[in-house]
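Input: a single structure, listed below in structure tokens.
Just so you know, ligand 1 is whichever comes first in the structure, and atom 1 is the first atom listed for that ligand.
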Amino acid sequence: MRLALAVLASGRGSNLQAILDACARPEFPARVVVVVSDRERAPALERARAAGVEALWIDPKDFADREAFDAVLERELTARGVGLVCSAGFMRILSPVYVRAFAGRALNIHPSLLPSFPGLHAQRQALDHGAKVAGATVHFVDEGMDSGPIVLQAAVPVEPGDTEETLAARILVQEHRMYPEAIRLFAEGRLRIEGRRVIVTPEAGR
Ligand code: GAR
């Protein structure tokens, strides 16, 4: 049985698209069962519908606080038998209610080499800091912001004359490659969390 994935996305959904494309390959060990957004008009929801995947909008305005939103999110995901939740440009901080429910079963992607430049506008932070190398990180979600155990990272150079847009585009190429790879490793049972470290078991026969 292929692992049931949920993807949480607030915006454009290019990482979601990379995940959907990977899942369309017959040998890929996961499939997206639902895409959830906090924005009604998120292009990510359109991408889900176009791929024949359930698109679920949960309106934050319907809830008194973050915990109430997250409790419903947790219920919706659990009801669909989700085994792994992937945040992909989901611009909400998730509360401990959610984090505990999906501990060790929730991933996030962030456009920096964590622990450098967590939070918003990571690419701008890297440029403003004068970094020569930037990149992306896939990590398990914990109760901090962009702080959980690191699964995969990829580095890209910062080129002279880079703008936030050109750097973001270079990083995005790595994101689109790396997120499906992290999902595959998880689905194959090859990730083990030991404290801050994620141990990746080599492929059988290697
Ligand atoms: C991606 O670059 C992702 O790493 C970033 O938002 C973008 C979403 O793009 N996430 C964060 O900054 C989270 N802190 P997408 O909607 O096209 O996948």
Please confirm whether the backbone N or O of [Y] pairs with a side-chain atom of [X], one donor and one acceptor, at under 3.5 Å?
{"X": "Arg47", "Y": "Ala42", "value": "no"}
{"X": "Arg105", "Y": "Ala101", "value": "yes"}
{"X": "Arg170", "Y": "Pro157", "value": "yes"}

Shortest protein contact, [atom] (heavy atom only):
{"atom": "atom 9 (O) of ligand 1", "answer": "Arg12 NH2, 3.1 Å"}
{"atom": "atom 16 (O) of ligand 1", "answer": "Gly13 N, 2.7 Å"}
{"atom": "atom 14 (N) of ligand 1", "answer": "His110 ND1, 3.0 Å"}

Which of the ligand 1 atoms, numbered from 1, are nearer than 4.0 Å to a heavy atom of [X]:
{"X": "Ile109", "answer": "4 (O), 10 (N), 13 (C)"}
{"X": "Met91", "answer": "6 (O), 11 (C), 12 (O)"}
{"X": "Glu175", "answer": "1 (C), 2 (O), 3 (C), 4 (O)"}
{"X": "Asn15", "answer": "1 (C), 15 (P), 17 (O), 18 (O)"}

| field | Pairwise side-chain contact, Leu73 with Leu94, heavy-atom cut-off 4.5 Å (strictly under) | value |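 Leu73 vs Leu94: side chains touch.
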| field | Residue portion contacting ligand 1 (non-hydrogen atoms closer than 4.0 Å) for Leu172 | value |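 Contact part for Leu172 vs ligand 1: side chain (C-beta onward).
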| said: Under a 4.0 Å threshold between the charged nitrogen and the carboxylate oxygen, would Glu188 count as salt-bridged to Arg184? | reply: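 So Arg184 pairs with Glu188 through a salt bridge.
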| task | Would you give the length of the straight line joining atom CG of Leu167 to atom CG of Leu127, rounded to the nearest 0.5 angstrom? | result |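 Reported to 0.5 Å precision, the distance equals 5.0 Å.
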| task | With rounding to the nearest 0.5 Å, note down the distance linking CH2 in Trp57 to CG in Leu45. | result |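 Answer rounded to 0.5 Å: 10.0 Å.
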| message | Is it the case that atom CZ in Arg197 sees more than 12 heavy atoms from other parts of the structure closer than 6.0 Å? | response |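 12 or below, so no.
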| said: Minimum distance, heavy atoms only, to atom 6 (O) of ligand 1: which one of Ala136, Pro118, Gly89 is it? | reply: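 Looking at heavy atoms only, the winner is Gly89.
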| task | Out of Ser14, Ala168, Pro111, indicate the one that has the non-hydrogen atom closest to atom 11 (C) of ligand 1. | result |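 Going through Ser14, Ala168, Pro111 one by one, Pro111 has the nearest heavy atom to atom 11 (C) of ligand 1.
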| query | What do you reckon, does His121 put a non-hydrogen atom under 4.0 Å from ligand 1? | reply |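 False for this residue.
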